[in-house]
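Have a look at the structure below before the remarks.
First the proteins, then the strands, lettered A, B, ... as listed; each starts at 1.
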Number of protein chains: 2
Amino acid sequence: MTAHSHTDQPALTKNQSLVYDALTDAKAPLSAYAILDGLREHGIRAPLQVYRALDKLLELGLVHRLESLNSFVACSNSECGARETMVFAICVKCNKVSELADDRLEAHLGALAAADHFTVHAATVELRGICGQCRSDA
Amino acid sequence: MTAHSHTDQPALTKNQSLVYDALTDAKAPLSAYAILDGLREHGIRAPLQVYRALDKLLELGLVHRLESLNSFVACSNSECGARETMVFAICVKCNKVSELADDRLEAHLGALAAADHFTVHAATVELRGICGQCRSDA
DNA sequence: ATTGCATATGTTATGGTGTTACACAATAAA
DNA sequence: TTTATTGTGTAACACCATAACATATGCAAT
């Protein structure tokens, strides 16, 4: 496993910037097609333009994919670059996502897997529940 | 959160049994459409027949969905019914999946979320890596 | 400057995943 | 036996993602 870092980024291309800005402006995860719809007036016309930009942004660690939603979020945790495994807490009420870091979780998962003779390369950890704000409102 | 139990099951209907048997016979996760293709000669003709059976089997806890693969597996861990959070270790080489249980993981994730004032209802934990058998073979 | 290469872009078409809407059948309960 | 619930069948559709091919752009190394 190799921790990436998104310090010292290469400049983003036009399409990459459009997609990245769409995600950073959004208050919740966006699907590729939602991004597409939001960028039509900026000249983005086809899914592939979005998916290619997303591929690059994922590779740079600027964006994460939420498997359980088939959607994408801009990275919001400065510690992300230093860790392998991030946890995404997805509020089922307001759809906001918190990106949580924990030093021990990766070790915990690694040990659990090792007991089954399994070597972990990557982990997907997505929590569904209620965020603090929505709990207060209720 | 409510732990389910799949002891004392209601009898499965024909379509539910067909889908469940397809998954228990498979050595790796199957997509809904792969199940569909495998059951055409048994009279299953449309995606919805598969998805409806899967919905019921998921509700009964007999089957799990792997979000990162858009696929489904038969439950293979007897402790599953007693726990909220299972871990799926997916071998990228042979595609086999181990379903792992760990008492402390749920608490660990709950505490991590609670520090962010988030209340967990459900968790998706999927590991990608190499299983013991494939590691030995290499 | 020109060649060569890697990367990014644009477009069309296609394939994989999942649901909506509607009609009908089987089962179980009152 | 009426009613309610659950399961089934079919068609059409919507959403997610990639393949194939052509073109363009940036950046070396000569």
Inset, instruction - Decide yes or no for A:L12 and A:L60: does some side-chain heavy atom of the first lie under 4.5 Å from some side-chain heavy atom of the second? - result: yes
Legend entry - Spacing between A:N15 atom CG and C:dG10 atom C1', to the nearest angstrom: 9 Å
Legend entry - CD on B:E99 to SG on B:C80, rounded to 0.5 Å: 5.0 Å
Legend entry - B:R128/B:E126 salt bridge by N-O under 4.0 Å criterion: no
Legend entry - Nearest-0.5 Å distance that lies between atom SG in A:C131 and atom CG in A:N95: 10.0 Å
Inset, instruction - Measure up the A:Y51 and A:Y33 rings against each other and bin them: parallel (under 30°), tilted (30 to 60°), perpendicular (over 60°). - result: perpendicular
Legend entry - Atom-pair distance (CG on B:D55; C1' on D:dT6), nearest Å: 13 Å
Legend entry - Set of residues satisfying ring pair (Phe, Tyr, Trp, His ring centres under 6.0 Å) with respect to A:F88, sequence neighbours excluded: A:H64
Inset, instruction - Using five pairs at either end of the helix from C:dA1-D:dT30 to C:dA30-D:dT1, determine the angle between the two local helix axes and round it to 10 degrees. - result: 30°
Legend entry - Connected via hydrophobic side-chain network under 4.5 Å: A:L100 and B:F118: yes
Inset, instruction - Specify the closest pair of heavy atoms between B:Y20 and B:L62, including all atoms of both residues, with the distance to one decimal. - result: CE1-O, 3.6 Å
Inset, instruction - Would you check, one step at a time, whether the test side chain to side chain contact (heavy atoms under 4.5 Å, CB included) holds for A:I44 with A:L18? - result: CA-CA 9 Å; A:I44 300 293; A:L18 285 170; 4.1 Å; yes
Inset, instruction - Give the rounded distance in Å between these two atoms: CD1 of A:I35 and C1' of D:dC15. - result: 14 Å
Inset, instruction - Check B:N77 against B:A101 and note the closest heavy-atom contact, atom names and distance. - result: ND2-N, 3.9 Å
Inset, instruction - Check the distance between C:dT9's P and A:I44's CD1 and give it to me in whole angstrom. - result: 8 Å
Legend entry - Heavy atoms of other groups near B:R40 CZ, more than 12 under 6.0 Å: yes
Legend entry - Spacing between B:L12 atom CG and D:dT6 atom P, to the nearest angstrom: 16 Å
Inset, instruction - Output yes when at least one side-chain N/O atom of B:Q49 is less than 4.0 Å from OP1 or OP2 of D:dT8, else no. - result: no
Legend entry - Residue-phosphate contact under 4.0 Å: B:T13 side-chain N/O, D:dT8 OP1/OP2: yes
Legend entry - Between C1' of C:dT7 and CD of A:Q16, the distance in whole Å: 10 Å
Legend entry - Contacts of type salt bridge (Lys or Arg N to Asp or Glu O under 4.0 Å), residue B:D103, not counting sequence neighbours: B:R83
Inset, instruction - Let me know the distance between CD of B:E59 and C1' of D:dT5, rounded to the nearest Å. - result: 13 Å
Legend entry - Euclidean distance, atom CG of residue B:L36 to atom C1' of C:dT19 [Å, nearest integer]: 15 Å
Inset, instruction - Identify the two heavy atoms, one from A:H108 and one from B:D102, that lie closest to each other, and give their separation to 0.1 Å. - result: NE2-OD2, 2.5 Å
Write out a two-atom table: protein N or O, nucleotide N or O from nucleotides 13-18 of chain C, distance below 3.5 Å.
unit_1	atom_1	unit_2	atom_2	d
C:dG18	OP1	B:R65	NH1	3.3
C:dG18	OP1	B:R65	NH2	2.1
C:dG18	OP2	B:Y51	OH	3.1
C:dG18	O5'	B:Y51	OH	3.4
C:dG18	N7	B:Y33	OH	2.6
C:dG18	O6	B:Y33	OH	3.3

Legend entry - Base versus backbone protein contacts along nucleotides 20-26 of chain C [heavy-atom cut-off under 4.0 Å; B, S, -]: BB-----
Legend entry - B:R52 vs B:N15 side-chain heavy atoms within contact, under 4.5 Å: no
Which atoms of nucleotides 25-28 of chain D (N or O only) lie under 3.5 Å from a protein N or O atom, and what are those distances?
none

